[in-house]
Amino acid sequence: MTTPRKPTRHAEVAGAGFAGLTVSIALARRGWSVRLHEQNDEVRDFGAGILLWRNAMLALEVIGVAEAIRDNGVRPQYYETNLDGVSVSAELLGYPYWAITRPKLHALLADAARAAGVEIVTGSRAVGADPAGVLIMEDGGGLEADLVIGADGAGSVVRNSLGDLAQERKKYSDGVCRVLIPRPEEFRGEQWDRVVDFWTLGPDAMRILFISTGPETIYLGMMAETSNERASRIPIDVEAWSERFPQLAPIVELAGKAEGGRHDSYQTTRVTPWSTGRAVLVGDSAHSMCPALGQGASVGIVNAVDLAHALDQYDDIGQALAEWERRERPMTDGAQSRSGYMAETRTLARGNGFTPELLETANFVSAAVSPELAA
Ligand code: 3HM
């Protein structure tokens, strides 16, 4: 006896960022036809780095991308914290996590999407969705699908078009300038394959998160209060930053020359629920969070992979979406709360901050990865 083959289901996805690419790959690998719309003329990401924690690496293993990340990224040996020029802790987190540049991660996901048969359409802007299963495009056309996915980021227009989804927003006093710099000679060698989190708290808080992202690049996450205008500028204000971090003057000098970086203010958006009818949100559109713990992309990737798994488990789309949200929401809400708390209190500056509770999200195992462990 042969099992009847499921008819091909179709998804229209808005936004080719990390979450949009990941959900597209995961669905295409499970037999869906997927069209992914990117409003920009090119599929790419800005010049910064990113951490992928154990939760994300396990999910990326499911869609066949983890190995390429290990080949192209850096596994930090430990997470060091430095306060006012004094090293206060060097934490071994007890499991592997990876650092990679955003453009590289993005290119690896885009390659995997094309290989899985995802149709990527650039210069194609979605302006909303209909819960009946229609992605509404800028030219006024509507694209029908079994499932419409809004992966269009923290400012999601797909989300904002869906009145059934309640939004709760919170803004914070901090923001971050993110840049990539060439790796200087004195920071080559494996001993620099680590994260160093440099802080100074007075007169106002500033932080330089130093993360090796490959043999040629270092990522700097430069956090400051947004009221500190000079420290919130791109290009980086070399004088404002080297005054506060004199020991990092050569690094700050390079940051001043960096191109392609970006400044963002911290914010949290909690959306309830994450779906209505045949329209669903994944990634920052559903759960943008403060970057203080470097967890946003990892949570989006985990949710994207598990969404495809839930849709495989339940033929009924509504049931699949409800079950998926039931299992992913607690860890997602937890990550938002913890990163918001860390942003407000700056507890990480004191060192030894990575308690088991803080690492709960980083260690999360979804049903897509292991039904037994997730149970
Ligand atoms: C990885 C990471 N961690 C923290 C921040 C921050 O506090 O803005 C940014 C990051 O990319």
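Counting starts at 1 for both ligands and their atoms, in listed order.
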Under 3.5 Å, N/O to N/O: give me all the pairs between ligand 1 and the protein, one per line with atom names and distance.
{"unit_1": "ligand 1", "atom_1": "3 (N)", "unit_2": "P291", "atom_2": "O", "d": "3.3"}
{"unit_1": "ligand 1", "atom_1": "7 (O)", "unit_2": "R207", "atom_2": "NH1", "d": "2.7"}
{"unit_1": "ligand 1", "atom_1": "7 (O)", "unit_2": "Y266", "atom_2": "OH", "d": "2.6"}
{"unit_1": "ligand 1", "atom_1": "8 (O)", "unit_2": "Y266", "atom_2": "OH", "d": "2.7"}
{"unit_1": "ligand 1", "atom_1": "11 (O)", "unit_2": "Y219", "atom_2": "OH", "d": "2.6"}

Answer yes or no: is there an ion pair linking R70 with E67, defined by an N-O contact shorter than 4.0 Å?
no
Residue pair T226 / S232: nearest heavy atoms and the distance that separates them:
CA-OG, 3.6 Å
Answer yes when R207 and D174 have at least one side-chain N-carboxylate O distance shorter than 4.0 Å, and no when they do not.
no
Short N-O contact, R278 and E144, less than 4.0 angstrom:
no
Only one of E168, H287, Q336 forms a side-chain hydrogen bond (donor to acceptor under 3.5 Å, both in side chains) with R270, so which one is it?
Q336
Sorted by first residue and then second, give each side chain to side chain donor-acceptor pair (under 3.5 Å) pair with at least one member in residues 99-121; sequence neighbours left out.
D45-R102
